[in-house]
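Read through the structure below, which is laid out as structure tokens, and then see the notes.
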2 protein chains.
Amino acid sequence: MATGREIAQLCGVSVATVSRVFNQPETVNEETRERVLRVAKELDYRPNESARALSTKQSTMIGLVWDTDHRRPGWRHPYLQDLLIGLKSALSAHGYHLLMLATSGDAREVGASLADPVGYVNMTRRHHLGGLVLIDSGSDAEAFEAFAQSGVPCVALDVAVDGPRATYVTSDNEGGALSAVRHLVGLGHSRIATITGPPGNQPSEARVSGYRKALREAGVEPRDEYVVAGDFYRASGTAATHRLLALDEPPTAVFAASDEMAVGALLAARAAGLRVPQDLALVGFDDIEIASVVDPALTTVAQDKPGFGVAAAKTIMAMITGAGREEPVVLPTQLVVRDSCGAR
Amino acid sequence: MATGREIAQLCGVSVATVSRVFNQPETVNEETRERVLRVAKELDYRPNESARALSTKQSTMIGLVWDTDHRRPGWRHPYLQDLLIGLKSALSAHGYHLLMLATSGDAREVGASLADPVGYVNMTRRHHLGGLVLIDSGSDAEAFEAFAQSGVPCVALDVAVDGPRATYVTSDNEGGALSAVRHLVGLGHSRIATITGPPGNQPSEARVSGYRKALREAGVEPRDEYVVAGDFYRASGTAATHRLLALDEPPTAVFAASDEMAVGALLAARAAGLRVPQDLALVGFDDIEIASVVDPALTTVAQDKPGFGVAAAKTIMAMITGAGREEPVVLPTQLVVRDSCGAR
DNA sequence: CGATTTACCGTAAGCGGTTACATAGACCCT
DNA sequence: AGGGTCTATGTAACCGCTTACGGTAAATCG
């Protein structure tokens with residue numbers, strides 16, 4: 001790897017000039033500029049990032065806080081891959097890399113864990129990171145608040161945080177739920193239940209809220225026994241459905257706050273000898289791959305998966321460039337009608 | 001962020017001593033060492049990584065080469081999330097971070113693309129990366145060869161590369177296919193077809209090889225018309241199955257080289273009025289989530305998903321620490337018998 | 001008891017850039 | 001012609017850390 005000094009010597013200029021050629025090209029004479037550029041190209045010169053970061057106190061890296069561990073298998077994000085594709089490629093367009101921060105995995109205190117957001121914040125300073133993207137890996141919501149307060153630019157995904165340089169991106173969960181339940185209402189259902197995500201989870205609560213709103217809109221009073229808590233996973237969908245079906249007046253339709261739970265509900269219905277959608281209509285949320293492959297194919301509320309990552313990238317870049325904070329971004333959702341709701 | 005100099009002043013020692021406390025603790029007097037450590041702790045001192053990397057010419061980051069772009073949706077890895085979980089958390093245990101390298105997304109020449117592995121190699125030097133992990137995102141196999149030759153430590157996933165500091169990790173694809181087809185043979189099938197991955201894809205070819213071996217072992221001569229090419233995606237599985245069923249002597253069992261294609265086959269069979277497994281037995285490969293949810297549940301060959309990442313992490317760390325190259329690692333696969341093969 | 005280790009620590013030179021400041025010539029003006 | 005601008009470049013300090021080298025005092029040795 002060629003260094004700036006080598007270029008300088010070959011061109012008969014000082015290192016300062018070489019540096020200027022790349023950082024303030026307009027301040028250097030055209031002729032020497034071209035000479036430097038030509039030599040630089042020949043030697044395939046790239047400024048050393050460590051040196052540059054040390055000197056300028058900023059790098060071209062964004063930190064990703066995603067607290068997972070293969071030894072304690074936990075929360076699986078419904079569409080992490082698409083999100084990452086969007087995030088990474090939008091960041092790339094700005095010349096930024098994505099640094100997946102190490103969590104303190106073992107005795108050697110290497111980093112941080114969400115129990116200690118300070119560790120991450122320090123890490124962003126140590127590496128001169130431009131900012132942080134926070135992916136909720138279960139129940140990190142409270143911890144995220146600490147990040148938001150720290151003053152480092154950060155954008156959280158699906159967790160509403162607020163801070164001097166912090167904001168978030170999320171889907172229009174309420175709107176999505178609203179349109180899902182409206183759809184069910186439109187199909188003639190009035191005994192509509194919902195299976196929620198874990199208590200405290202914000203998207204889940206917004207979905208419940210949309211559910212309620214749609215019912216009221218239709219003039220049906222939400223019943224408490226029709227709102228049963230799940231945890232986004234399949235098994236909880238099955239369990240919840242069993243409970244719902246055991247009610248004196250069981251629902252004729254179920255809106256599940258995740259596709260996984262909707263699949264669980266499907267299994268429960270099948271086990272109970274009910275046909276979907278004839279005996280029980282089903283709508284999910286997320287539009288993960290499974291949704292289209294299950295039988296009957298799941299009607300569901302689709303989220304803009306790569307758009308999530310792209311929005312996060314745009315927002316964090318805006319916060320790095322500008323000085324303040326950005327407005328939260330709410331991505332539109334879209335109802336995808338398939339077979340499980342009985343519309344076809 | 002406290003700097004080494006501050007610590008030094010507060011302790012009345014030189015910065016050199018502070019540095020030694022962290023890098024060669026045994027060379028500094030116990031009393032002063034503890035004093036330094038105490039003050040460092042109070043100020044929550046962490047050495048600046050840029051400065052450290054600049055000075056030592058090595059960072060605690062591993063580069064991830066994963067060539068994707070949300071504007072050209074391409075190859076979706078069957079189990080990227082689990083792989084990343086394994087990779088990230090195993091790397092964390094060594095105190096390393098994972099840097100997802102930017103690809104040159106736009107006009108501003110920021111990085112590299114697989115057409116230009118040199119760009120990535122330069123990037124690893126610029127950032128003083130310890131090494132590279134290469135994830136195949138379609139047909140990068142040839143490009144990976146260039147990485148392998150470059151001399152930077154790298155481990156490729158599912159692509160056999162060889163170089164002075166390069167190796168790879170893959171599943172026992174042949175063995176997995178072997179056990180899958182053996183299983184089919186054991187169930188009485190002899191007209192067994194296979195749907196392969198894209199030509200040139202190494203795991204796919206190993207699976208075909210395992211398929212052939214199992215047939216020969218059972219005394220049945222593989223027929224060319226029973227080997228039809230897919231691309232790992234669902235649609236290709238459907239198309240391939242249609243072709244197979246149109247044969248004069250259609251197969252009674254199909255081994256698909258991916259679960260996605262197996263699902264596609266399932267749809268084709270259903271469309272043709274065939275019952276699975278009674279009329280057509282089906283085995284897939286990967287054991288992705290869909291496999292267990294589809295009806296009938298898919299018998300498939302499971303790969304050790306987080307194990308993949310963990311193995312990659314271990315291998316790259318070994319290559320960084322040691323000087324030479326490591327042996328390729330082949331992860332065991334396991335046949336998961338469910339309903340689509342007719343064993344139950 | 002002088003010479004030689006040994007243990008500990010400070011000095012200073014990097015690492016490869018960036019940038020404030022100084023300098024030097026070219027140009028313009030009165 | 002002398003002074004003021006402007007342009008283009010060099011000088012050198014600095015970013016924060018590592019480490020080769022040297023020095024000092026205590027410990028060891030003959």
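Lettering follows sequence order; numbering is per chain, from 1.
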Quiz item: Where the side chain of B:S14 is concerned, which of C:dG17, C:dG16, C:dT11 is the nearest nucleotide?
Solution: C:dT11
Quiz item: With nearest nucleotides of DNA chain C determined for B:A51 and B:E30 from heavy-atom distances, which residue corresponds to the more 5′ nucleotide?
Solution: B:E30
Contacts under 3.5 Å, N or O only, protein and nucleotides 5-7 of chain C:
none

Using nucleotides 19-25 of chain C, report all nitrogen or oxygen pairs with the protein that are shorter than 3.5 Å.
none

Quiz item: What is the distance, rounded to the nearest whole Å, between atom CZ of B:R5 and atom P of C:dT11?
Solution: 13 Å
Practice problem: Could you tell me how the ring of A:F308 sits relative to the ring of A:Y79: parallel (under 30°), tilted (30 to 60°) or perpendicular (over 60°)? | Solution: perpendicular
Self-check item: Terminal axes of the helix from C:dC1-D:dG30 to C:dT30-D:dA1 (five pairs each): angle between them, nearest 10 degrees
Solution: 50°
Quiz prompt | Nucleotide C:dG16, atom P - distance to NE2 of B:H127 in whole Å | solution = 15 Å
Quiz prompt | B:I7 CD1 to C:dC9 P, straight-line distance once rounded to whole Å | solution = 16 Å
Quiz prompt | B:D67 versus B:S137, side-chain donor and acceptor atoms under 3.5 Å | solution = no
Exercise. Would you indicate what A:F22 reaches in the nucleic acid, counting non-hydrogen atoms under 4.0 angstrom: base, sugar-phosphate, or nothing?
Key: nothing
Quiz prompt | Between C:dG17 (P) and B:N48 (CG): distance, integer Å | solution = 17 Å
Practice problem: Mind checking B:V18 for me? I need base, sugar-phosphate or nothing, with any heavy atom below 4.0 Å counting as a touch. | Solution: nothing
Quiz item: What distance separates A:D136 CG from A:Q202 CD, expressed to the nearest 0.5 Å?
Solution: 8.5 Å
Quiz item: Quick one: how far along DNA chain D does chain B reach, first to last nucleotide 5' to 3', anything under 4.0 Å to a heavy atom?
Solution: D:dC15 to D:dA20
Exercise. Not counting sequence neighbours, which residues clear side chain to side chain contact (heavy atoms under 4.5 Å, CB included) with B:E326? List them please.
Key: B:T167, B:T315, B:A318, B:M319
Quiz item: Looking at residues at least two apart in the chain, or sitting in another chain, which of them share a side chain to side chain contact (heavy atoms under 4.5 Å, CB included) with A:T124?
Solution: A:L129, A:L132, A:V152
Quiz item: Contact class for B:T32 (heavy atom, under 4.0 Å): base, sugar-phosphate, or nothing?
Solution: sugar-phosphate
